[in-house]
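I have placed the structure first, in the form of structure tokens, so that the comments after it can refer back to it.
Just so you know, these numbers use all the heavy atoms, side chains as well, and skip hydrogens, waters and symmetry mates. What you see is a predicted model; the values in this text were computed from it and never measured. Chain letters run A, B, ... following the sequence lines, proteins first, then strands; residues in each count from 1.
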2 protein chains.
Amino acid sequence: MQPVIKDITTSAHDRVYRGLRTRIMHGQIAPGHALTLRGIGREFDCSMTPAREAVNRLVAEGALSMSSSGRVATPELSNERIEELAALRALIEVELASRALPRAHMALIERLQTINATIADVVSNRDAVGYIRSNLEFHRTLYLRAQAPAMLAMCETVWLQLGPTMRALYTRLRRSEPPHYHRLIIAALKAGDEPGLRLAVRTDVTQGLKMIADRT
Amino acid sequence: MQPVIKDITTSAHDRVYRGLRTRIMHGQIAPGHALTLRGIGREFDCSMTPAREAVNRLVAEGALSMSSSGRVATPELSNERIEELAALRALIEVELASRALPRAHMALIERLQTINATIADVVSNRDAVGYIRSNLEFHRTLYLRAQAPAMLAMCETVWLQLGPTMRALYTRLRRSEPPHYHRLIIAALKAGDEPGLRLAVRTDVTQGLKMIADRT
DNA sequence: ATGGCTCTCTTGTGATCACGTTTGCGGGTC
DNA sequence: GACCCGCAAACGTGATCACAAGAGAGCCAT
């Protein structure tokens with residue numbers, strides 16, 4: 001009989017937290033979708049306690065919104081809030097890219113190109129969730145080089161808040177072309193062109209989210 | 001017999017959360033100070049459950065750090081992290097000030113001057129906690145005019161992370177002069193001078209935190 | 001006197017339960 | 001057919017408990 005290997009690495013609430021977090025960030029949950037503690041506990045096979053901790057953490061990060069009665073749901077963002085979060089993305093990500101630039105060597109650029117190819121694949125398959133995931137991976141891979149964990153954490157918090165909204169955007173948009181500005185980012189990295197990099201990142205971040213604000 | 005008025009507005013975990021949060025943000029707790037769930041529960045007169053929720057939320061926001069064993073304490077920040085958080089403050093607060101500028105009318109400027117006078121009082125009393133609180137109130141009052149709640153929330157998260165460290169700084173520094181750059185901020189607001197405002201805010205935010213990184 | 005070891009007390013975790021509230025559905029009325 | 005009211009099921013909250021892990025004090029040996 002095999003001994004049961006105790007899962008040292010993660011406590012239950014951490015497992016639930018991570019599961020919900022990636023699901024939200026990757027846009028697998030539509031805006032306005034409601035969640036219940038007992039339902040989460042059933043799904044992750046634990047009691048309400050770890051589910052509560054995970055949910056509270058996500059509420060604190062703005063990934064979930066809580067009604068006055070304590071019911072929790074994926075947030076439906078107003079246009080003002082989307083504009084604000086886009087501005088925050090631009091602000092922080094431009095800084096992160098700028099800090100990553102001096103440390104960007106060839107291996108990093110090649111990895112970015114690989115991810116970009118994946119994005120092209122995923123886009124042709126009309127896979128919104130895959131697109132969001134790959135797109136964020138592209139950005140995160142670049143920003144990891146900035147060696148600025150606090151900034152990256154803030155950045156990911158913004159991504160998290162925008163997750164369900166990005167899903168709503170990209171499923172409506174049904175884009176078929178791979179992101180144009182990613183190539184500009186890579187080119188600027190190769191050339192060591194900081195102003196060009198800043199502009200490319202800012203544009204890439206802003207362009208997609210502008211369309212949401214324009215819908216109404 | 002008086003009827004017991006049920007406290008509608010706040011649940012227990014919210015009360016605990018707010019209490020701990022302002023205590024941390026205002027620098028009333030030194031870096032590295034340990035907290036226990038049962039101790040918090042005793043202090044706020046509740047069981048461990050609300051204490052746990054509040055603590056987990058603060059850990060998620062970076063206001064408290066949690067060891068691998070789950071013990072929780074006020075964080076002792078490395079110099080790199082302080083530099084990073086200072087850069088984040090500069091980035092976000094400059095943007096907030098810039099957005100507040102077009103909406104800043106005379107009543108706001110007068111309120112800022114009143115707060116600044118309070119800071120002068122508090123500084124002469126060598127009251128570090130009072131100084132931090134008034135200083136943050138000065139900034140928050142200005143940024144509220146920006147009408148950007150998501151940005152302000154991020155900003156306050158950074159303040160929260162820096163709370164205990166600011167305490168450590170200002171108690172060591174024992175400054176006796178009121179903040180110089182606050183006058184520059186007010187002057188730029190009066191003049192409608194955006195570049196001057198951006199520079200003044202950036203300098204005000206950065207100057208204090210540079211000294212910490214220089215200690216070592 | 002000091003370094004290492006053990007034991008105990010304390011801590012965090014997760015499960016369960018009772019309670020008050022809310023939500024949503026179904027039947028009755030206009 | 002539409003609207004409103006009432007009831008039952010489901011929900012979040014907070015308390016309590018059992019358990020395992022860890023920290024710290026005290027003791028012994030060197």
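Distance, B/Y17 OH to D/dT13 P: 15 Å, rounded to whole Å. Following rounding to the nearest Å, A/R57 (CZ) and C/dT13 (P) show an atom-to-atom distance of 11 Å. When the P atom of C/dT13 is taken as reference, atom CZ of A/F44 falls 19 Å away, rounded to whole Å. One interatomic measurement links the two molecules: CZ of B/R71 to P of D/dA20, which rounds to 17 Å at whole-angstrom precision. Counting to the nearest Å, the C1' atom of C/dA15 and the CE atom of A/M48 are 10 Å from each other. To the nearest angstrom, C1' of D/dT13 lies 10 Å from CE of A/M66. One can place CG of A/N56 at 7 Å from P of D/dT13, the figure rounded to the nearest angstrom.
In this structure, A/S67 and A/C46 both approach DNA chain C, and ranking their closest nucleotides by distance from the 5' end singles out A/C46. Comparing A/T36 and B/D45 by the nucleotide of DNA chain D that holds the closest heavy atom to each, the one mapping nearer the 5' end is A/T36.
Taking the side chain of B/L37 as heavy atoms from C-beta on, and the options C/dA15, C/dG12, D/dG12, the nearest nucleotide is C/dG12. Listed candidates were C/dA15, D/dT13, D/dA23. Nearest to the side chain of B/S69 is D/dA23. When the nucleotides D/dT13, C/dG12, C/dT13 are ranked by their closest atom to the side chain of B/S11, D/dT13 comes out on top.
Taking side-chain N and O atoms only, A/T49 has no distance below 4.0 Å to OP1 or OP2 of C/dG14.
A donor atom on one side chain and an acceptor atom on the other are found under 3.5 Å apart for B/H105 and B/R145. When only modelled atom types and interatomic distance are considered, B/N56 and A/H13 share no side-chain donor-acceptor pair under 3.5 Å.
With hydrogens and angles ignored, a donor-acceptor pair closer than 3.5 Å exists between the side chain of B/R38 and the base of C/dG12. The base of D/dG14 is paired with the side chain of A/R52 by a donor and an acceptor separated by under 3.5 Å.
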- Message: The test is side chain to side chain donor-acceptor pair (under 3.5 Å); show your working for A/H139 and A/Y143 and say whether it passes.
- Response: CA-CA 6 Å; A/H139 286 264; A/Y143 304 149; 2.9 Å; yes
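Contact detail for B/I132 and B/M25: the closest heavy-atom pair is CG2-O, 3.7 Å.
Within the nucleic acid shown, B/I40 has no heavy atom closer than 4.0 Å to any nucleic acid atom.
Under the rule for a side chain to side chain donor-acceptor pair (under 3.5 Å), the partners of A/S67 that lie at least two apart in sequence or sit in another chain are A/S69.
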